[in-house]
**Student:** 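Quick one: the structure is below, questions incoming.
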Amino acid sequence: MTEQMCDVIVVGGGGAGLAAAVSAAEKGASVLLFEAERELGGSTSLSAGLFTAAGTSVQRGLGIEDTAEKFYQHYMDLNHWMLKPGLIRTFCEQAGPTLEWLVGLGVEIPALESANAHMPGLCQAGVEDVWRGHVPKDQGYGLVRALDGRRRELGIEAILGTRVQSLLIEDGRVVGVVADDVEVRAGAVIVTTGGFAQNPELLDRYYPDSRLAGDALFVVAAPGSRGDHLVFGEQADAAIAGDGWGLILPTAYFQRFHHWQSGFPPKSRIYINGHGRRFMDEDASYAVSTGIMAAQPGSVWAVFDDAGRLGLPAGYADWDAERVAEEAAAGRTLRAATLTDLAELMGVPAAALESAVTRWNAQLPHGVDEDFQRDRTLANKGSTENPEPIGQGPFYAVMMLPAELVCTHAGLEIDSAAAVLDHSGIRIPGLFAAGEAGAGVLGLRYVGGGNAVANALTMGRIAGQNATDLQSARI
Ligand SMILES: Cc1cc2nc3c(=O)[nH]c(=O)nc-3n(C[C@H](O)[C@H](O)[C@H](O)COP(=O)(O)OP(=O)(O)OC[C@H]3O[C@@H](n4cnc5c(N)ncnc54)[C@H](O)[C@@H]3O)c2cc1C
């Protein structure tokens, strides 16, 4: 038998893995970190770094009173109480302290109101009444840089370009991993390999809703999101949680990039369902918007006029005036001189579409949206000008659908210590998981921008601490 090389092995060097490695080393463990790609960071470094947490110094700096208890209640309510309360309470209690830990490592989050995920400060993350979306300076990359700096300071070795092949299991205990066909032994293993958004077969099996987008589906998650945690899970007979859940954002059928690169549809637009009716706040958070759109009869269309198209700011990859005109010329975006003709192309009742536009023109352009309260959402996003009426043709209809796949939620079921459970609900000795790989925190509904990064870093930190304690006690 080969000798134990270290106390803790961490598999995957994204947000959860770095948090796990650093927190384990801070507790005195010797740690080895494997990363499949040539650089650390995974989806975490591609992210906006938005982090949901309650009771933080940033909130206090803005005079906002908040508690983990309120966060917990909101989290459970939004997820229909389908998640394990003990795990969610731990997450909600530890997200704030984890954020403070990151600030201590050099992450900067100013106590300023932020209008969006790219403006450092505090924003509304989802549909919470108390703002909890913490936006760090330099986004996800800023989080990874701070954690990686601490990793170097602690002397944790990161083995890059090395994809762990399998777990090493003896007598029901995880005792290490196999990488490059070499067995590497440790007291505990933490799986932080991210999600499976880049693996079509696993999407079919664990997140079939993502396939409803058909050819419009595009994946923004990091290339390393291949679902290796599910292979390890099968090997260790781990239970799977979060089956069928993930985050897929509503986009136009022609978008192929994350929205900050793709651009945004005209502010003066309404979403119309298969009955020709307006049905939602078009700026609703993706905590709820995907679900609302998926529940509509028929297709969902963004309807706007030529002034809306021409007002699109230049410099974005997809939502650009010329691009929309090209799509219309090709017949993929619908275009008509009158709303009656547009309704015919859309296959919806003309009277309903005309009534929706008339009502929109009478409401939000004058400051209120009695039906869908979009004025409140726009104000929270820092908007100071009302949208224009939808006035002169030609009019456009662009099909909108959930097609931008950001992250997946099915993974190895963990408890509140981030220990992995087997099918009987019993801890698998020596095995921990966190981030997208460790399931139970990310639920049916995405609680708001910041849900996944907070999960990765908070549960990663908890995994590192507990793997250190439990491996030394051989539990
Ligand atoms: C464009 C984009 C924007 C986002 N914005 C936000 C946001 O602002 N806020 C938010 O909360 N969430 C956001 N998300 C989601 C969030 O970033 C992720 O869910 C989260 O960061 C995942 O962290 P992780 O550590 O689980 O996985 P990752 O950060 O993806 O790390 C997993 C790592 O494991 C490595 N790996 C995989 N298999 C192996 C193996 N066998 N051996 C060794 N290494 C392996 C991968 O290469 C990768 O580096 C965003 C995601 C994307 C793609």
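Atoms within a ligand are numbered from 1 in the order they appear, just like the ligands themselves.
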**Student:** Check the angle between the aromatic planes of Trp319 and Phe304 and answer parallel, tilted or perpendicular using the 30° and 60° thresholds.
**Tutor:** perpendicular

**Student:** Could you tell me if the side chain of Pro387 sits less than 4.5 Å from the side chain of Leu378, heavy atoms only?
**Tutor:** yes

**Student:** Taking the ring of Tyr72 and the ring of Phe91, is the distance between their centroids below 6.0 Å?
**Tutor:** no

**Student:** Which pairs of nitrogen or oxygen atoms, taken one from ligand 1 and one from the protein, are under 3.5 angstrom apart?
**Tutor:**
{"from": "ligand 1", "atom 1": "5 (N)", "to": "Ala48", "atom 2": "N", "distance (Å)": "3.3"}
{"from": "ligand 1", "atom 1": "8 (O)", "to": "Ala48", "atom 2": "N", "distance (Å)": "3.3"}
{"from": "ligand 1", "atom 1": "8 (O)", "to": "Gly49", "atom 2": "N", "distance (Å)": "3.3"}
{"from": "ligand 1", "atom 1": "8 (O)", "to": "Leu50", "atom 2": "N", "distance (Å)": "3.2"}
{"from": "ligand 1", "atom 1": "9 (N)", "to": "Leu50", "atom 2": "O", "distance (Å)": "3.0"}
{"from": "ligand 1", "atom 1": "9 (N)", "to": "Gly450", "atom 2": "N", "distance (Å)": "3.4"}
{"from": "ligand 1", "atom 1": "11 (O)", "to": "Leu50", "atom 2": "O", "distance (Å)": "3.3"}
{"from": "ligand 1", "atom 1": "11 (O)", "to": "Tyr446", "atom 2": "OH", "distance (Å)": "3.3"}
{"from": "ligand 1", "atom 1": "11 (O)", "to": "Gly450", "atom 2": "N", "distance (Å)": "3.2"}
{"from": "ligand 1", "atom 1": "11 (O)", "to": "Gly450", "atom 2": "O", "distance (Å)": "3.3"}
{"from": "ligand 1", "atom 1": "11 (O)", "to": "Asn451", "atom 2": "N", "distance (Å)": "3.4"}
{"from": "ligand 1", "atom 1": "11 (O)", "to": "Ala452", "atom 2": "N", "distance (Å)": "3.0"}
{"from": "ligand 1", "atom 1": "11 (O)", "to": "Val453", "atom 2": "N", "distance (Å)": "2.6"}
{"from": "ligand 1", "atom 1": "12 (N)", "to": "Tyr446", "atom 2": "OH", "distance (Å)": "3.2"}
{"from": "ligand 1", "atom 1": "19 (O)", "to": "Glu436", "atom 2": "OE2", "distance (Å)": "2.6"}
{"from": "ligand 1", "atom 1": "21 (O)", "to": "Thr44", "atom 2": "OG1", "distance (Å)": "2.8"}
{"from": "ligand 1", "atom 1": "23 (O)", "to": "Thr44", "atom 2": "OG1", "distance (Å)": "3.2"}
{"from": "ligand 1", "atom 1": "25 (O)", "to": "Gly15", "atom 2": "N", "distance (Å)": "3.3"}
{"from": "ligand 1", "atom 1": "25 (O)", "to": "Ala16", "atom 2": "N", "distance (Å)": "2.9"}
{"from": "ligand 1", "atom 1": "26 (O)", "to": "Glu436", "atom 2": "N", "distance (Å)": "2.9"}
{"from": "ligand 1", "atom 1": "29 (O)", "to": "Gly41", "atom 2": "O", "distance (Å)": "3.4"}
{"from": "ligand 1", "atom 1": "29 (O)", "to": "Ser43", "atom 2": "N", "distance (Å)": "3.2"}
{"from": "ligand 1", "atom 1": "29 (O)", "to": "Thr44", "atom 2": "N", "distance (Å)": "3.0"}
{"from": "ligand 1", "atom 1": "29 (O)", "to": "Thr44", "atom 2": "OG1", "distance (Å)": "2.6"}
{"from": "ligand 1", "atom 1": "30 (O)", "to": "Ser43", "atom 2": "N", "distance (Å)": "2.9"}
{"from": "ligand 1", "atom 1": "41 (N)", "to": "Val164", "atom 2": "O", "distance (Å)": "3.2"}
{"from": "ligand 1", "atom 1": "41 (N)", "to": "Asp228", "atom 2": "OD2", "distance (Å)": "2.7"}
{"from": "ligand 1", "atom 1": "42 (N)", "to": "Val164", "atom 2": "N", "distance (Å)": "3.0"}
{"from": "ligand 1", "atom 1": "44 (N)", "to": "Ala36", "atom 2": "N", "distance (Å)": "3.0"}
{"from": "ligand 1", "atom 1": "47 (O)", "to": "Glu35", "atom 2": "OE2", "distance (Å)": "2.6"}
{"from": "ligand 1", "atom 1": "49 (O)", "to": "Glu35", "atom 2": "OE1", "distance (Å)": "2.7"}
{"from": "ligand 1", "atom 1": "49 (O)", "to": "Glu35", "atom 2": "OE2", "distance (Å)": "3.1"}
{"from": "ligand 1", "atom 1": "49 (O)", "to": "Gly42", "atom 2": "N", "distance (Å)": "3.4"}

**Student:** For Ser47, which of Val453, Val144, Val406 qualifies under side chain to side chain contact (heavy atoms under 4.5 Å, CB included)?
**Tutor:** Val453

**Student:** Between Glu26 and Arg151, is the closest basic N to carboxylate O distance under 4.0 Å?
**Tutor:** no

**Student:** If we ignore angles and hydrogens, is there a donor and acceptor under 3.5 Å between the side chains of Glu436 and His409?
**Tutor:** no

